[in-house]
Structures are given as structure tokens and as C-alpha cells.
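What follows is a single structure, written as C-alpha cells, with notes after it.
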Amino acid sequence: MNELSLTCTRHIKAAPQDVFEAWLDPAKMAQFMSPRPEMHVREATSDARVGGRFFVMMVADRDLPHAGKYLEITPHTRLIFTWEAPWSAPGTQVTIDFAPHEGGTFVTLSQVRFADELARDSHLEGWTGILSKLAALTERNLNDV
């Protein structure tokens, strides 16, 4: 297995608190934790504490279960969690940093450990789609206030 990694970024026009908390709220996770428009989340759970677990059942033409354990939760600043799926490499970990920037939040998402470059590239595409849905959700909620 290669020590491949990825990083993707996104500026979201919402406060770091709102963007951060969306990652821990199952109702919000269900709205953005699927990478493509034709996908949806059938189930999302979150025990939002260090050592707690989350679960997301993405659905496309088949069920795509994803789960993990929270390793670090630094409010409004950083999340680190494992990323577990039937096709994920062992020890895969995701780090998300949230920084205030120009009236919003600069999100930096990094993931380490992939079986190969194809898996890494697929995850980069997936996270990019998820960050786009997250931006739409949190920016829409801001406009609804």
C-alpha cells in the first residue's frame, strides 16, 4: 500500500461554527455527505465526541456504507476521524481544518492512506462534491436566517 494522500480546499460563505457543526449533526450530514447529485444519504448517525463514531449510508445504484471514529474534535477549528468503508485502505484518516477567511470559512480537507492512485483520485472527486454540497447547505441556511 502506498502512503498516498490528498488535499482539497473550499471557501464557504458561512461562519466556521456553522460549517464545523454541520459535520457533527446527523440531519445536516444527511444533506451533504454524498458526492454526486444522483446520490443521497439514507442514514446518518454521529456520537460527536472523541472516541465516538459516525455512520453514513450513501446510496447510489447500491448501498455505500461509510463510518469512522472521531480522533480529535477541536470546536470550530479541526476534526480528525478515521474513514472506514469496505474498499478503504486500513488506517485511512481524514483531517479537516476550518479557518475564518473573508467573511466565511476556508476549509482544508486532507486524507491519508489509499490502496492506489485510482482510489485516491476517486476520493478527491468525492470530497470535492461533498464540500460543494456542504457549501450549498451552509450558505443556504445562512440566507434563510
Side-chain angles (χ1 to χ4, degrees), residues 1-99 104-144:
M1 175 183 1
N2 297 315
E3 286 298 317
L4 296 169
S5 64
L6 66 79
T7 299
C8 55
T9 61
R10 176 81 186 223
H11 181 260
I12 298 177
K13 297 175 186 168
Q17 176 178 339
D18 297 332
V19 178
F20 176 89
E21 290 177 0
W23 287 91
L24 303 176
D25 179 335
K28 290 181 181 169
M29 290 167 60
Q31 295 178 60
F32 77 88
M33 283 292 291
S34 58
R36 296 189 307 270
E38 70 276 9
M39 296 176 72
H40 69 278
V41 173
R42 181 174 60 229
E43 177 185 354
T45 63
S46 173
D47 179 9
R49 60 181 177 84
V50 173
R53 296 190 56 81
F54 68 89
F55 175 78
V56 176
M57 178 60 78
M58 297 179 198
V59 179
D61 56 343
R62 60 188 166 107
D63 289 350
L64 303 167
H66 293 77
K69 179 170 73 170
Y70 295 109
L71 303 175
E72 179 181 332
I73 300 175
T74 303
H76 317 142
T77 305
R78 175 176 271 192
L79 284 175
I80 301 176
F81 50 85
T82 62
W83 188 247
E84 304 160 10
W87 49 89
S88 291
T92 299
Q93 186 172 297
V94 175
T95 300
I96 310 171
D97 290 306
F98 306 84
T105 305
F106 193 77
V107 178
T108 303
L109 184 149
S110 301
Q111 184 175 355
V112 297
R113 296 190 188 85
F114 297 93
D116 54 37
E117 290 181 9
L118 180 62
R120 181 206 50 208
D121 295 348
S122 174
H123 278 81
L124 179 59
E125 181 181 334
W127 287 122
T128 299
I130 285 170
L131 289 179
S132 292
K133 285 185 172 183
L134 174 63
L137 171 67
T138 55
E139 291 171 2
R140 179 177 66 241
N141 286 345
L142 182 65
N143 291 331
D144 291 345

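The figures that follow rest on heavy atoms only: side chains count, while hydrogens, waters and symmetry mates do not.
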- May I ask you to check whether Thr9 and Thr108 show a side-chain donor-acceptor distance below 3.5 Å? no
- Can you measure from NE2 (His123) to OG1 (Thr128) and round to the nearest 0.5 angstrom? 12.0 Å
- For Ala44 and Ala30 the tightest heavy-atom approach is CB-N, 4.1 Å
- What's the shortest heavy-atom distance between Asp18 and Thr138, and which atoms? O-CG2, 4.1 Å
- Residues Lys69 and Thr82: closest non-hydrogen pair is N-OG1, 2.7 Å
- Look at the aromatic rings of Trp83 and Trp127 and report parallel, tilted or perpendicular, splitting at 30° and 60°. tilted
- Message: With a 3.5 Å distance limit and no angle check, can you tell me whether Ser46 reaches the backbone of Leu24 through a side-chain donor-acceptor pair?
- Response: yes
- Item | Minimum-distance pair of heavy atoms, taken over all atoms of Leu71 and Val50 | O-CG1, 3.6 Å
- Message: Strictly distance-based, threshold 3.5 Å: is any side-chain N or O of Ser34 a donor or acceptor partner for the main-chain N or O of Met58?
- Response: no
- Once you round to the nearest 0.5 Å, how far does CZ of Phe55 lie from CE of Met29? 10.0 Å
- Between CG on residue Leu4 and CD on residue Gln111, distance to nearest 0.5 Å: 11.0 Å
- Message: Students often mix this up, so state it plainly: with edges at 30° and 60°, are the rings of His76 and Phe20 parallel, tilted or perpendicular?
- Response: perpendicular
- Would one find more than 12 heavy atoms of other residues, nucleotides or ligands at under 6.0 Å from atom NZ of Lys133? yes
- All heavy atoms of Ala89 vs all of Ala115, minimum pair found to be CB-N, 3.9 Å
- Message: Contact between Phe114 and Ser122 at the side-chain level, heavy atoms closer than 4.5 Å - yes or no?
- Response: no
- At what distance, to the nearest 0.5 angstrom, does CD of Glu72 lie from OG1 of Thr77? 9.0 Å
- Message: Test side-chain contact (heavy atoms from CB on, under 4.5 Å) on Phe81 and Ile96; report intermediate values, then the result.
- Response: CA-CA 9 Å; Phe81 50 85; Ile96 310 171; 3.7 Å; yes
- Item | Crowding at CD, Glu125 (>12 non-hydrogen neighbours, <6.0 Å) | no
- Message: Counting C-beta onward and ignoring hydrogens, is there a side-chain heavy-atom pair between Leu79 and Phe98 closer than 4.5 Å?
- Response: yes
- Message: Just to verify, which of Leu124, Asp97, Leu6 counts as forming a side-chain contact (heavy atoms from CB on, under 4.5 Å) with Leu109?
- Response: Leu6
- Verify whether one side chain among Arg10 and Ser132 offers a donor that lies under 3.5 Å from an acceptor in the other. yes
- N/O donor-acceptor pair under 3.5 Å between Thr92 side chain and Arg113 backbone: yes
- What pairs with Asp63 under salt bridge (charged side-chain N to carboxylate O under 4.0 Å, His left out), at least two apart in sequence or on another chain? Arg42
- Sub-4.5 Å side-chain heavy-atom contact between Lys28 and Leu137: yes
- About how many Å separate CZ of Arg78 and OG1 of Thr95, when rounded to the nearest 0.5 Å? 5.5 Å
- Give me the ring orientation class for Trp23 and Phe32: parallel if the planes are under 30° apart, tilted from 30 to 60°, perpendicular past 60°. perpendicular
- Message: Please give me the minimum heavy-atom distance between Asp116 and Ala119, naming the atom from each residue.
- Response: OD1-N, 2.8 Å
- Query: Hey, does Val41 have a side-chain heavy atom less than 4.5 Å from the side chain of Gln31?
  - Reply: no
- Could you go through the side-chain hydrogen bond (donor to acceptor under 3.5 Å, both in side chains) check for Thr45 and Glu43 one step at a time? CA-CA 7 Å; Thr45 63; Glu43 177 185 354; 5.3 Å; no
